[in-house]
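To start, the structure itself, in structure tokens.
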Amino acid sequence: IDAGDEDDVRLVLENASITCTTTAPIYAKNADKVIISLPENTESTVTDTVTGTDGDDALTAAIFAKCDLSVNGTGTLNANANDGITSEDKLKITGGILNITSADDGLVGKDAVLIKDGTVHITASGNGIKSTKSEADKGYVYIGGGTVNITAEQDGIQAETSVLISAGEVNVTAGGGSANGEQKTGNAMFGGAQSTTTDETLSAKGIKAEAALDITGGTVTVDSADDSLHSSDSMTVSGGGITVKSGDDGLHADNTLTIEDGTIVVEESCEGLEA
């Protein structure tokens, strides 16, 4: 897809099977926004077998967009690749059933990942959902509806700035779950060892935000080898239901942890709540 800077492009996948052995099977090189629509009672599959290139850009995903990318409809989309679906701007999911199997990350939106409806199943050898921009109004993940199921070897959800969950159902298993957590004894169980790590390959947190993690509604269930919910700055819980099992901390904030409302159940952890 190579359209004008102000053009919106709609791609309808109706029982399509797309595979490419040289580059990304679906590549949005230029447009203002690309919308992928999934009609009712259809199932389409996009499979990437190799990481392609365009100049200096590595096209790592089965669906790779350099512009805003949206997925809507009620049909099913299967994406199998190194990364499932990637947008270098915003990635928005407003409907459909997405089955993502990735050798690295499942969903990547460098500016943001927004999920407002639909059902998303992710099995990832890297991170489940990731947003990477460090600018103040970018690099965030927002879940405001739908159902999100993630099994990831690394972080379930990772945001360079913030994560906000206001509605919907989020289920995460990270790093094989709490049974794979590092066993702590003595002083390490009482704050003697910090859970924060700067090495992404060692991070197996359920939901991780660098700036703020806010949960205002919905249901969140996490089973993680490292912290279940983690913020490198602040965390606020003002609604919803949270159930976690952690190999380290249940809820961890490097700075402040504020609980205003909602229900929190920490079934297993070293520290249940830590700031």
Side-chain angles (χ1 to χ4, degrees), residues 18-27 44-53 57-65 69 71 76-88 91 93 97-110 113 115 118-132 139 141 143 147-160 163 170-182 195-210 220-230 244-248:
I18 306 173
T19 301
C20 187
T21 59
T22 58
T23 188
I26 297 177
Y27 174 31
S44 297
T45 301
V46 182
T47 302
D48 189 7
T49 59
V50 67
T51 297
T53 58
D57 296 322
L59 311 182
T60 58
I63 301 173
F64 190 96
L69 177 64
V71 179
T76 298
L77 172 62
N78 307 311
N80 311 302
N82 185 61
D83 294 335
I85 303 175
T86 292
S87 168
E88 293 196 336
L91 173 60
I93 311 295
I97 301 171
L98 276 63
N99 301 311
I100 310 294
T101 303
S102 59
D104 193 7
D105 303 323
L107 299 179
V108 179
K110 290 188 176 181
V113 177
I115 299 174
T119 301
V120 180
H121 303 284
I122 299 174
T123 301
S125 297
N127 304 291
I129 298 174
K130 183 167 73 171
S131 188
T132 59
V141 175
I143 298 174
T147 300
V148 180
N149 301 313
I150 300 172
T151 299
E153 292 186 14
Q154 296 182 24
D155 297 326
I157 299 174
Q158 179 193 108
E160 189 65 26
V163 176
V170 180
N171 304 297
V172 177
T173 300
S178 56
N180 283 347
E182 180 182 356
S195 62
T196 304
T197 175
T198 57
D199 187 347
E200 183 182 319
T201 61
L202 299 179
S203 183
K205 297 175 172 62
I207 302 174
K208 181 173 72 174
E210 290 300 318
V220 178
T221 303
V222 178
D223 187 2
S224 58
D226 204 335
D227 297 346
S228 290
L229 304 182
H230 176 97
V244 299
K245 294 175 66 176
S246 173
D248 197 350

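Sequential numbering from 1 along the given sequence is applied to the chain's residues.
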Heavy-atom closest pair (Val46 atom, Pro25 atom, distance to 0.1 Å) is CG1-CB, 3.6 Å
Residues Ser102 and Asn82: closest non-hydrogen pair is CB-O, 3.3 Å
Should Val120 and Ile93 count as side-chain neighbours, where that means a heavy-atom distance under 4.5 Å? yes
d(Leu107 CG, Asp83 CG) to nearest 0.5 Å is 9.5 Å
Shortest non-hydrogen pair, Gly176 vs Thr173, comes out as C-CG2, 4.2 Å
CD1 (Ile100) and CG (Asn149) are apart, to the nearest 0.5 Å, by 12.5 Å
- prompt: Side chains of Asn99 and Thr76: closer than 4.5 Å at any heavy-atom pair?
  reply: yes
Distance col, row Ile122:CD1 vs Thr151:OG1, nearest 0.5 angstrom, shows 9.5 Å
### Task
For residues Val148 and Ile115, determine if any side-chain heavy atom of one lies less than 4.5 Å from a side-chain heavy atom of the other.
yes
Of all heavy-atom pairs linking Ser125 and Glu153, the shortest is O-CB, 3.3 Å
Would you mind reporting whether Ser228 and Lys245 have side-chain heavy atoms less than 4.5 Å apart? no
Correct closest heavy-atom pair for Ser224 and Asp226 would be OG-O, 2.8 Å
If you measure from the Lys or Arg side-chain nitrogens to the Asp or Glu carboxylate oxygens, is any gap between Lys130 and Asp105 under 4.0 Å?
-> yes
Check: Between Asp223 (side chain) and Ser178 (backbone), is there a donor-acceptor pair under 3.5 Å?
Finding: yes
query = Between the side chain of Asp155 and the main-chain N/O of Ile157, is any donor-acceptor distance below 3.5 Å?
reply = no
**Request:** Side-chain contact test, heavy atoms from C-beta onward, threshold under 4.5 Å: evaluate it for Ile207 versus Val220 and give yes or no.
**Result:** yes
Should Ile26 and Ile18 count as side-chain neighbours, where that means a heavy-atom distance under 4.5 Å?
yes
* Heavy atoms, side chains only, cut-off 4.5 Å: are Thr23 and Thr53 in contact? -> no
Closest heavy-atom pair, Ala79 versus Ile85, reported as atoms and distance to 0.1 Å, is CB-CG1, 4.4 Å
